[in-house]
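What follows is a short report on a single structure.
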Amino acid sequence: MYEKVSIPEIFGMNVFNDAVMRERLPKKIYNELKNTIENGERLRSDVADIVANAMKDWAIERGATHYTHWFQPMTGITAEKHDAFLTPMGDGTAIMEFSGKTLIKGESDASSFPSGGLRTTFEARGYTAWDCTSPAFLKEDASGVTLCIPTAFCSYTGEALDKKTPLLRSLEAINLQGLRILRLFGNTTTKRIVVSVGAEQEYFLIDKDLYKKRKDLIFTGRTLFGAKPPKGQELDDHYFGNIKERIACFMHELNVELWKLGVSAKTQHNEVAPAQHELAPVYADANIATDHNQLIMEALKRIAGHHNLVCLLHEKPFAGVNGSGKHDNWSICTDDGQNLLDPGKTPHENLQFLLFLVAVIKAVDVHADLLRMFAANPGNDHRLGAAEAPPAIISIFLGEQLENILNQFEARDVKNSIQGEKMQIGVSTMPTLKKDATDRNRTSPFAFTGNKFEFRMVPSSASIAGPNFLINTIVADVLAEFADELEKADDFEGCVREIIRKTYVEHKRILFDGNGYSDEWVEEAKRRGLPNFRYMVDSIPSLITQKSIDVFTRHGVLSEVELHSRAEITYDLYINQISIEARTMIDMASKQIRPAVMKYSGMLANDISVINSVGGDSSVEKEIFDKITANLKEFNEALKHLEVVTEKAINFEGDTQSKAIFFKDEVSVAMERLRKPSDELELLVDEKVWPFPTYGELLFNI
């Protein structure tokens, strides 16, 4: 049964948060650390020593024996090396030590993580550097209690080898440019621009015993074979449906563990596909929200095992039902509580809001190719563009109210804002509801949803750092351009109005409020000149165009060398993932499916012989036998073809881009060719003979 908990009592209990620091640090040291966190002032070594000692004492009191620099390399997951606090003394005893130097800096083998050529085997040194803007926390698991210190990860030569460093750089960029705009509007009190992010996390849960019988799930995270079950999501009965008790127990434990870590897990529900669910936290500063999302993914996988479940974070673990995404809700606020994307009651008069709004519109239009790339991974190729997720074409949904206002600006005749009406439900006991001024559009990849933008394309298994540091950077770039113009203006308000009007006119092609799933939109987007990268590999070159290099280097977020390294890493990721999938498919087809089908075919042939020997009618058996034989022949030919093209791909001689394209055009196509006859055979072969659990068992046996 459920553990009874008091959320206020346990929330953040495993976090070295502001309340703990205020209690345990001398007031002067606390103020100096807060100044570093909030204003970017350099932290003195003597301050770090005192903070480290307080952090150590707090952690040990809570059972910690080890500490680790917790970082986020380019693998997309987290990394950690545990060291004990223990320091042996000369007399055979030991003490527990943790210095400021150890807190601030660690060392890791940089050559063993993806670096895109920045580090080689003989150039191994890399450093982890304490990120004091994200609080340290305690991780409790089977190994005990470990103090985890969020850190950035860089090479010996200073290049970023992680997801966190460019995110932190981008936050400084948007802070600098956003403050320039606010000062021009007369705001002298705001000290810092804060990017606020809330990432909704979708995931699947399946039975662990069934999972262990599927090599494809074990090695690739998705099913490479599987016929459509009799029931999928057609009845829409899973979405927001009653949560099964086994899943509810899992969710309860998950919430408790996340609350202890200060992760504000707020919303939980069943998603559209069977066995699919969602968790959404309360919004947090972008850096902390990114760290929290990594903790959420780790907790999902770890806690699932406690309930004999497995959590699948792949974007498309099952064909034929909805896949999983991660809706990234992005907004910009001030440190004194103002949401800069809040339209207010009369948005047509809110020039500051409209200026920030058109800055986002321009940024997305100019860098739509990059947004697509930062939502790319091999799993998302199976999800984007289907009638279940945003299309691969980037567009923005603003809603009727804001588009109407911008149209008024275009006509230079701004008069009013459309207001939401009152809605009568038709039942006397029901209250009258006030409608929003605008509907929502779930087919839009980048939708304005009240006081934020929702980037709906982010892969469910990916770090949200990349999408957010990109949005921060491109918006900062446009704000800088606006500030340059406004700082020279004689008529400030007139210049603001003209920037809003001109930006809208030049970039309104990116706005679309219709059905993003339709074929008509694909044609319309092409007519508008919007990029359409259907596959991940096609989007990667956008990372190293001159336009991309210019915007990232202009704001110090990524250097040209770092961008090229990330392109190489992304190509390698695709190559390695598809290679693993192809080899897994060959293994399953050769060792499991083909022997099982041949066995059943032999059994069926024997039945036919027996029936014929006694003068019976074996026409049905013969018909099934012929279908199996035809599909098995097609299956065997497809298998041999996949073996050939996979071998060619693995031994491909050429650059990584050409190799990745070969994997996309040849290997992925060969995999789909093999799957078709296999799924047909699954429907013909006795389920007792079929070598692994079917979709029906995986999706509904919870």
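Every value quoted in this text rests on a predicted model; they were computed, and no experiment measured them. Along the sequence shown, the residues carry numbers beginning at 1.
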Review point. Does any non-hydrogen side-chain atom of Ile288 lie less than 4.5 Å from one of Pro135?
Key: yes

**Study point:** Stepwise side-chain hydrogen bond (donor to acceptor under 3.5 Å, both in side chains) check, Glu581 with Gln577
**Key:** CA-CA 6 Å; Glu581 290 185 358; Gln577 182 62 39; 3.3 Å; yes

Check your understanding: Are Glu403 and Lys508 ion-paired here, with the side-chain N under 4.0 Å from a carboxylate O?
Key -> no

Exercise for review: Output the distance between atom CD (Glu278) and atom CD (Glu202), rounded to the nearest 0.5 Å.
Suggested key: 5.0 Å

Review point. Under 3.5 Å, side chain of Asn472 to main-chain N/O of Asn468, donor-acceptor pair present?
Key: yes

Review point. With side chains defined as the heavy atoms from C-beta onward, is the minimum distance between Asp665 and Val669 less than 4.5 Å?
Key: no

Exercise for review: Could you tell me whether the side chain of Ser548 and the main chain of Thr545 form a donor-acceptor pair under 3.5 Å?
Suggested key: no

Review point. Just by distance, do the side chain of Ser134 and the backbone of Asp131 share a donor-acceptor pair under 3.5 Å?
Key: no

Check your understanding: Looking only at atom types and distance, does a side-chain atom of Ser460 sit under 3.5 Å from a main-chain N or O of Ser324, one as donor and one as acceptor?
Key -> yes

Exercise for review: Run the salt-bridge test on Arg675 and Glu672 with the 4.0 Å N-O cut-off and return the result as yes or no.
Suggested key: no

Review point. Charged N to carboxylate O under 4.0 angstrom, Arg554 versus Glu481?
Key: no

Check your understanding: Any luck finding a side-chain donor-acceptor pair between Thr78 and Glu298 under 3.5 Å?
Key -> yes

Revision key, fill the gap. Here the gap from Asn451 atom CG to Ile332 atom CD1, rounded to the nearest 0.5 Å, amounts to 11.5 Å

Review point. Is the number of heavy atoms from other residues, nucleotides or ligands under 6.0 Å of Phe353 CZ greater than 12?
Key: yes

Review point. Between Thr165 and Asp162, do the side chains contain an N or O donor and an N or O acceptor separated by less than 3.5 Å?
Key: yes

Check your understanding: Between Pro378 and Leu573, is any pair of side-chain heavy atoms under 4.5 Å apart?
Key -> yes

**Study point:** Exercise: do Asp216 and Thr223 side chains pair donor with acceptor under 3.5 Å
**Key:** no

Review point. Are any side-chain N or O atoms of His314 and backbone N or O atoms of Lys316, one a donor and one an acceptor, separated by less than 3.5 Å?
Key: yes

Check your understanding: When you look at Lys452 and Thr449, which way does the side-chain hydrogen bond (donor to acceptor under 3.5 Å, both in side chains) test go after all the steps?
Key -> CA-CA 6 Å; Lys452 58 185 171 60; Thr449 54; 2.6 Å; yes

Point to revise | Exceeds 12 heavy-atom contacts within 6.0 angstrom, atom NZ of Lys648 | key: no

**Study point:** Atom pair OG/CD1 of Ser331 and Ile471 - distance to nearest 0.5 Å
**Key:** 11.0 Å

Point to revise | Non-hydrogen side-chain atoms of Ser395 and Phe446 separated by less than 4.5 Å | key: no

**Study point:** Steps toward side-chain hydrogen bond (donor to acceptor under 3.5 Å, both in side chains) verdict (Thr151, His69)
**Key:** CA-CA 6 Å; Thr151 55; His69 275 196; 4.6 Å; no

Review point. Is the backbone N or O of Glu647 less than 3.5 Å from a side-chain atom of Asn651, with the two atoms forming a donor-acceptor pair by type?
Key: yes

Check your understanding: Yes or no on side chain to side chain contact (heavy atoms under 4.5 Å, CB included) for Ile37 and Cys132, after CA distance, side-chain angles and deciding distance?
Key -> CA-CA 6 Å; Ile37 293 171; Cys132 63; 3.9 Å; yes

Exercise for review: Measure across Leu530 and Ile394 and return the closest heavy-atom pair with its distance rounded to 0.1 Å.
Suggested key: CD1-O, 4.0 Å

Check your understanding: If you take all heavy atoms of Val537 and Ile661, which pair is closest and at what distance?
Key -> CG1-CG1, 3.6 Å

Review point. Has the side chain of Asp381 got a donor or acceptor atom that lies under 3.5 Å from a matching backbone atom of Met536?
Key: yes

**Study point:** side chain to side chain contact (heavy atoms under 4.5 Å, CB included) between Phe356 and Phe482, intermediate numbers included
**Key:** CA-CA 10 Å; Phe356 277 95; Phe482 288 176; over 6 Å; no

Point to revise | salt bridge (charged side-chain N to carboxylate O under 4.0 Å, His left out) between Asp328 and Arg456, intermediate numbers included | key: CA-CA 6 Å; Asp328 188 84; Arg456 296 173 58 89; over 6 Å; no

Revision key, fill the gap. Smallest heavy-atom separation, Phe453 atom then Leu357 atom, equals CZ-CD1, 3.7 Å

Check your understanding: Where the side chain of Glu315 meets the backbone of Arg383, is there a donor-acceptor pair that is under 3.5 Å apart?
Key -> no

Exercise for review: Before giving the answer on side chain to side chain contact (heavy atoms under 4.5 Å, CB included), spell out for Asn293 and Lys326 the whole-Å C-alpha distance, their side-chain angles and the decisive distance to 0.1 Å.
Suggested key: CA-CA 10 Å; Asn293 186 251; Lys326 184 143 45 189; 2.9 Å; yes

Point to revise | Heavy-atom pair of closest approach, residues Lys81 and Glu107 | key: NZ-O, 3.4 Å

Practice item. Compute whether any side-chain donor of one residue and acceptor of the other, for Asn322 and Gln276, lie under 3.5 angstrom apart. Key: no

**Study point:** Pairwise side-chain contact, Tyr156 with Tyr127, heavy-atom cut-off 4.5 Å (strictly under)
**Key:** yes

Study note, to complete from the structure: The reported gap from CG in Asn532 to NZ in Lys526 (rounded to nearest 0.5 angstrom) is 9.5 Å

Review point. Between Gln201 and Leu313, is any pair of side-chain heavy atoms under 4.5 Å apart?
Key: yes

Check your understanding: Does a side-chain heavy-atom distance below 4.5 Å link Leu312 with Arg222?
Key -> no

Practice item. Without swapping roles, check the side chain of Thr36 against the backbone of Gly40 for a donor-acceptor pair under 3.5 Å. Key: no

Point to revise | Asn515 side chain vs Tyr517 backbone, donor-acceptor pair below 3.5 Å | key: yes

Review point. Going by an N to O cut-off under 4.0 Å, is there a salt bridge joining Arg527 and Glu523?
Key: no

Check your understanding: Could you state the interatomic distance from CG (Leu563) to CD1 (Ile544), rounded to the nearest 0.5 Å?
Key -> 8.5 Å

**Study point:** Residue from Asp538, Asn380, Leu384 passing side-chain contact (heavy atoms from CB on, under 4.5 Å) with Arg372
**Key:** Leu384

Point to revise | Nearest-0.5 Å distance that lies between atom CD in Gln177 and atom CG in Leu182 | key: 11.5 Å

Check your understanding: So, for Phe469 and Phe374, is the gap between ring centers shorter than 6.0 Å?
Key -> yes

Check your understanding: Hey, is CD on Glu172 packed in by over 12 heavy atoms from elsewhere, all under 6.0 Å?
Key -> no

Exercise for review: Pick out which of Thr473, Val551, Leu167 makes a side-chain contact (heavy atoms from CB on, under 4.5 Å) with Val557.
Suggested key: Thr473

Check your understanding: Which atom pair, heavy atoms only, marks the closest approach of Ala173 to His555?
Key -> CB-CB, 3.9 Å

Exercise for review: Would you mind reporting whether Glu159 and Ser565 have side-chain heavy atoms less than 4.5 Å apart?
Suggested key: no

Exercise for review: Assess whether side chain to side chain contact (heavy atoms under 4.5 Å, CB included) is satisfied between Ile393 and Trp521, documenting all intermediate values.
Suggested key: CA-CA 9 Å; Ile393 304 166; Trp521 167 233; 4.0 Å; yes

Point to revise | Exercise: identify the closest heavy-atom pair between Cys311 and Lys301 | key: O-NZ, 3.5 Å

